[in-house]
Participant: 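Could you have a look at this structure, given as C-alpha cells, before my questions?
Owing to the predicted nature of the structure, the values given are computational and were not obtained by experimental measurement. Labels below follow one simple rule: chain letters A, B, ... track the order of the sequence lines, proteins then strands, and each chain is numbered from 1.
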Amino acid sequence: MNNFLILSIINETAYYIISGILTLCVMFGIFLMSKVEKAKIGNAISAFAVLIAVIVSLVMYDILPIWVIYVCLAIGGAIGLFLAYKVKMIEMPQLIALLNGFGGLASLIVGGYAYFGVGVVESYFSDITALIAVIIGSVTFIGSLVAAGKLHRVIPQKPITLKNHQLYLILFVSIILIFLVLSPFSLVNKTIIFLIILLTSMLFGLVFTIRIGGADMPIAISLLNSLSGVAGAITGLAILDVLLVSIGGIVGASGLLLTQIMCKAMNRSLFDILLGKSLVSNVKQETNEKLDSQKLDNQEEVTNRDVLDIVKETKSLIIVPGYGMAIAQAQHLLKQVGDYFVKSGATVKYAIHPVAGRMPGHMNVLLAEANVDYDDLYEMDDLNDEFASVDLTIVVGANDVLNPAARKAEGTPIYGMPILNVDKSKEIFIFNYDLKPGYSGVDNPLYSRKNGVHLFLGSAQDTLKEFLEEIK
Amino acid sequence: MIELILVGIFIISTVIGYFLIKNVPSLLYTPLMSGMNALSGITLIGALVALSISYQDSPTISIIAAGLAVIVATINVVGGFGVTNRMLKMFRKQDKTDE
C-alpha cells in the first residue's frame with residue numbers, strides 16, 4: 001500500500017515548493033486581515049490557497065478519477081455553505097465550535113488511518129505522531145461538540161462538576177500517556193491501543209469541557225481552536241505532509257494567542273481554567289459595603305436630572321453594549337439610539353470590552369450586522385480615559401465588564417479584571433434586564449449610586465423602544 | 001531526517017503565525033477565528049489520500065470512515081471560509097451602508 005505514496009505526476013520536490021508557496025499565500029492572507037478594508041481579500045486568498053492545495057493533492061496522488069471523492073466533497077461543501085449562510089450572528093460561537101469539532105474529527109480519522117499504516121511510511125515516528133493526532137483530534141472533537149451544545153443551550157450552560165472531577169482527568173491523562181509510551185513496544189495489540197486511546201481521549205474531552213461555564217466560553221473556544229490546528233499539524237507529521245504541518249502550526253498559534261488575550265481580559269490564568277476553577281465563587285456581598293461608602297466621593301453635588309434634559313444636552317456619548325443586548329436582539333434599536341444622537345450633533349462611540357459576547361470579537365460582529373460603522377467601535381483601552389469627560393454613557397445589557405467592584409473587591413471572582421470605566425461618567429443610562437448580579441455573582445455598586453444613574457429595567461427590546469419614542 | 005525538518009517547519013510556522021496574528025485588530029477576532037478554523041480543515045488533504053487508498057482495496061467500513069473524514073473536513077473548510085466572508089462583508093463604513 002505504501003507505494004501509493006510514490007508521487008506520480010508531481011514529484012516530491014515540486015510538492016514542497018508548492019506547499020511553501022501556498023503557506024506563504026495563507027500567511028499573506030492573514031497579514032491582510034490586520035486591516036479591515038483588506039480582510040475580505042485576505043480571506044479569499046487563504047480560501048483560494050486551500051482550494052489549490054486540494055487540487056494539487058488530487059493530481060499529485062493521481063486520485064483524480066476516484067468519483068467517491070467528489071461525492072464527499074460535494075456533500076461537505078453543500079453542508080458547509082448551508083451552515084455558513086444560514087447561521088445567525090448571535091449563534092456564531094456555536095457554529096465555530098461545531099466546525100472546530102469537525103476539523104478535530106477529520107484529524108482523528110486521518111490520524112487513525114496513519115496509525116494503521118494507511119498513507120504513511122510506517123515508523124515509530126509515524127506511529128507516535130498518529131496517536132497524538134488521534135488524541136488531540138478526539139479531545140477537540142468531543143470538547144467542541146460539548147462547547148457547541150452548551151452555547152446552543154442543548155446542554156445546560158452551568159458548569160457541571162463531577163465528584164472527583166480532577167481525579168478523572170488525571171486518570172484519563174495517565175492512561176493516555178501510558179499507552180502512548182507503550183505503543184512502540186509491540187506488547188499490546190495495535191487495535192487495542194488505538195481503541196483505548198480513542199475512548200479515553202474522548203472521555204477526557206467530555207469531562208474537561210462540561211465543567212466550563214458560559215462566560216468562560218470565549219477562552220474555551222479559543223483553546224479548542226488552537227487544538228484543532230495542532231491536531232492538523234500533528235496529523236501532517238504522521239503522514240509527512242508539509243502543508244498540514246505549516247498551516248496547522250499557524251492555526252495553533254492563532255488560537256493560543258487569542259486564548260492568552262481572553263485570559264488577560266478576564267484576569268484569569270489559563271491554568272485555573274484548565275484546572276476548572278470556576279468563575280462563580282462564594283465570596284459575595286461582604287465587600288460591597290466597603291464599596292458603598294467610597295463610591296460617590298466626587299458625585300455628591302450632582303442632582304438627578306431629567307432624562308430628556310440630559311439627552312438634549314449630550315454632545316458626547318459612549319455606548320457600552322453587552323451580551324444582554326445580543327440576547328434581546330436589540331442591536332438594531334441600539335443603532336437607532338446612536339443615530340439619534342449623531343443627528344442631534346453628538347459624537348457617538350461604542351466601547352467594546354474584549355470579552356463582550358461569547359467569543360473573541362463577537363460584539364463587533366453583532367454591531368457590524370446592525371450597520372454600525374466599524375470606525376465607531378473602540379477597544380476598551382482606547383476609550384477608558386474618555387468616560388470621565390463624556391456627557392453621557394449608555395449601557396445596554398452589560399454588567400460584569402463595567403462592575404467597579406473589579407477594582408476594589410478583593411476576593412471576588414472579578415477582582416483585578418480590567419473593566420470599562422463607566423462609573424467615571426457623569427450621567428449613565430443603564431438598560432439592563434434586572435439588577436441581579438452578572439455571571440460572576442458580584443453585585444454591581446453602580447446600581448445603587450444615587451446620582452447620575454438612570455435605570456431602565458426590562459428587555460432591551462422594550463426599554464430601548466420606549467426610550468426612542470420618548471426622546472423623539 | 002524529513003521528520004526533523006517537518007518538526008522544524010511546525011515550530012517556524014507557529015512563530016510566524018503568532019506574530020502575524022498579533023497584528024490583527026480585536027475588531028476582527030471573530031472572523032479571524034472562523035478563518036483559522038477553516039484553515040484547520042486542511043486535514044482534508046490527508047482525508048482525501050486516506051479515502052483514495054481505502055477506496056482501492058479496503059473494507060466498506062474503512063471507506064465510510066475516510067469518506068466521513070473528507071465530508072467533515074470539507075464542511076470545516078467551506079463553512080469556515082464562507083462564514084468568515086459573510087462576516088467581513090458586514091464590516092462597512094457608514095456612508096456606503098445606507099441601503
Participant: Identify which part of Y16(A) has an atom lying under 4.5 Å from any heavy atom of chain B, answering side chain, backbone, both or neither.
Facilitator: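 Looking at Y16(A), just its side chain touches chain B.
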Participant: Is there a donor-acceptor contact under 3.5 Å from the side chain of S40(B) to the main chain of G229(A)?
Facilitator: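 Not a single qualifying donor-acceptor pair exists.
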Participant: If you tally heavy-atom pairs under 4.5 Å against chain A, which of G67(B), A73(B), G41(B), A65(B) wins?
Facilitator: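 Highest number of pairs under 4.5 Å: A65(B).
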Participant: Looking at S13(B) and I247(A), would you say the former's side chain and the latter's main chain have a donor-acceptor pair under 3.5 Å?
Facilitator: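 Looks like no, no N/O pair under 3.5 Å.
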Participant: Pick one of side chain, backbone, both or neither for I109(A), based on which atoms fall under 4.5 Å of a heavy atom in chain B.
Facilitator: side chain
Participant: Given that the side chain runs from C-beta out, which part of V15(B) has a heavy atom under 4.5 Å from chain A: side chain, backbone, both or neither?
Facilitator: neither
Participant: Can you tell me how far CG of N37(B) sits from CG of L95(A), rounded to the nearest 0.5 angstrom?
Facilitator: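 It is 8.0 Å, given to the nearest 0.5 Å.
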Participant: Heavy-atom pairs under 4.5 Å with chain A: which of L32(B), I21(B), V70(B), V77(B) has the most?
Facilitator: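 Ranked by contacts with chain A, first place is I21(B).
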Participant: Atom CG of N76(B) and atom OG of S228(A): how far apart are they, to the nearest 0.5 Å?
Facilitator: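 Here the interatomic distance stands at 7.0 Å.
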Participant: Report yes if some heavy atom in the side chain of R86(B) is under 4.5 Å from a heavy atom in the side chain of V87(A); otherwise report no.
Facilitator: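 A side-chain contact exists here, since the closest heavy-atom pair is under 4.5 Å.
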Participant: What part of L108(A) lies closer than 4.5 angstrom to a heavy atom of chain B: side chain, backbone, both or neither?
Facilitator: neither
Participant: Quick one: what part of S57(A) sits under 4.5 Å from any heavy atom of chain B, side chain, backbone, both or neither?
Facilitator: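 Answer is side chain: those atoms of S57(A) sit under 4.5 Å from chain B.
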Participant: Taking every non-hydrogen pair under 4.5 Å, which of N23(B), T30(B), V83(B) racks up the most with chain A?
Facilitator: T30(B)
Participant: Is it true that Q260(A) and Y18(B) share a donor-acceptor pair across their side chains at a distance under 3.5 Å?
Facilitator: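 Side-chain D/A pair, Y18(B) to Q260(A): present.
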Participant: First locate atom CE of M33(B), then atom OG of S226(A), and finally report the distance between them rounded to the nearest 0.5 Å.
Facilitator: 9.0 Å
Participant: Are side-chain heavy atoms of Y29(B) and N364(A) found at a separation under 4.5 Å?
Facilitator: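 Not in contact.
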Participant: Measure the spacing between CG of L27(B) and CE of M33(A) and express it to the nearest 0.5 Å.
Facilitator: 10.5 Å
Participant: Would you mind reporting whether W67(A) and Y55(B) have side-chain heavy atoms less than 4.5 Å apart?
Facilitator: yes
Participant: Starting at CG of N43(A), measure out to CE of M87(B) and round the result to the nearest 0.5 Å.
Facilitator: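 Between atom CG of N43(A) and atom CE of M87(B) there are 9.0 Å.
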Participant: Which atoms of L256(A) come close to chain B, meaning under 4.5 Å heavy atom to heavy atom: side chain ones, backbone ones, both, or neither?
Facilitator: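 For L256(A), no heavy atom lies under 4.5 Å from chain B.
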Participant: Do the non-hydrogen side-chain atoms of T14(B) and I250(A) ever get within less than 4.5 Å of each other?
Facilitator: no
Participant: Under a 4.5 Å heavy-atom cut-off, does chain B meet the side chain of I352(A), its backbone, both or neither?
Facilitator: neither
Participant: Based on non-hydrogen pairs under 4.5 Å, which of I5(B), L48(B), I63(B), L44(B) is most in contact with chain A?
Facilitator: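 With the most close heavy-atom pairs to chain A, the winner is L48(B).
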Participant: So, taking the atom named CG in L105(A) and the one named CD1 in I75(B), what distance separates them when rounded to the nearest 0.5 Å?
Facilitator: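 That separation rounds to 9.5 Å.
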Participant: Indicate yes or no: at least one non-hydrogen side-chain atom of L237(A) is less than 4.5 angstrom from one of E3(B).
Facilitator: no
Participant: Quick one: what part of S222(A) sits under 4.5 Å from any heavy atom of chain B, side chain, backbone, both or neither?
Facilitator: both
Participant: For V26(A), is it the side chain, the backbone, both, or neither that has a heavy atom closer than 4.5 Å to a heavy atom of chain B?
Facilitator: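 Side chain only.
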Participant: Among the options F102(A), Y113(A), F125(A), F116(A), pick out the one with the most heavy-atom pairs lying under 4.5 Å from chain B.
Facilitator: Y113(A)
Participant: Relative to chain B, which segment of K86(A) carries a heavy atom at a distance below 4.5 Å: side chain, backbone, both, or neither?
Facilitator: backbone
Participant: State whether a side-chain donor-acceptor pair under 3.5 Å links S107(A) with T43(B).
Facilitator: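 Per modelled atom types, S107(A) and T43(B) side chains form a pair under 3.5 Å.
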Participant: Is S46(A) in contact with chain B via its backbone, its side chain, both, or neither, using a 4.5 Å heavy-atom distance?
Facilitator: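 Both parts, backbone and side chain.
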Participant: Please state whether the side chain, the backbone, both or neither of N100(A) comes within less than 4.5 Å of a heavy atom of chain B.
Facilitator: both
Participant: Is the shortest side-chain heavy-atom distance between P31(B) and V365(A) below 4.5 Å?
Facilitator: yes
Participant: M89(A), K35(A), E37(A): which one forms the most heavy-atom pairs within less than 4.5 Å of chain B?
Facilitator: M89(A)
Participant: Is chain B contacted by the side chain of L73(A), its backbone, both, or neither, given a heavy-atom distance below 4.5 Å?
Facilitator: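 The answer is both parts of L73(A).
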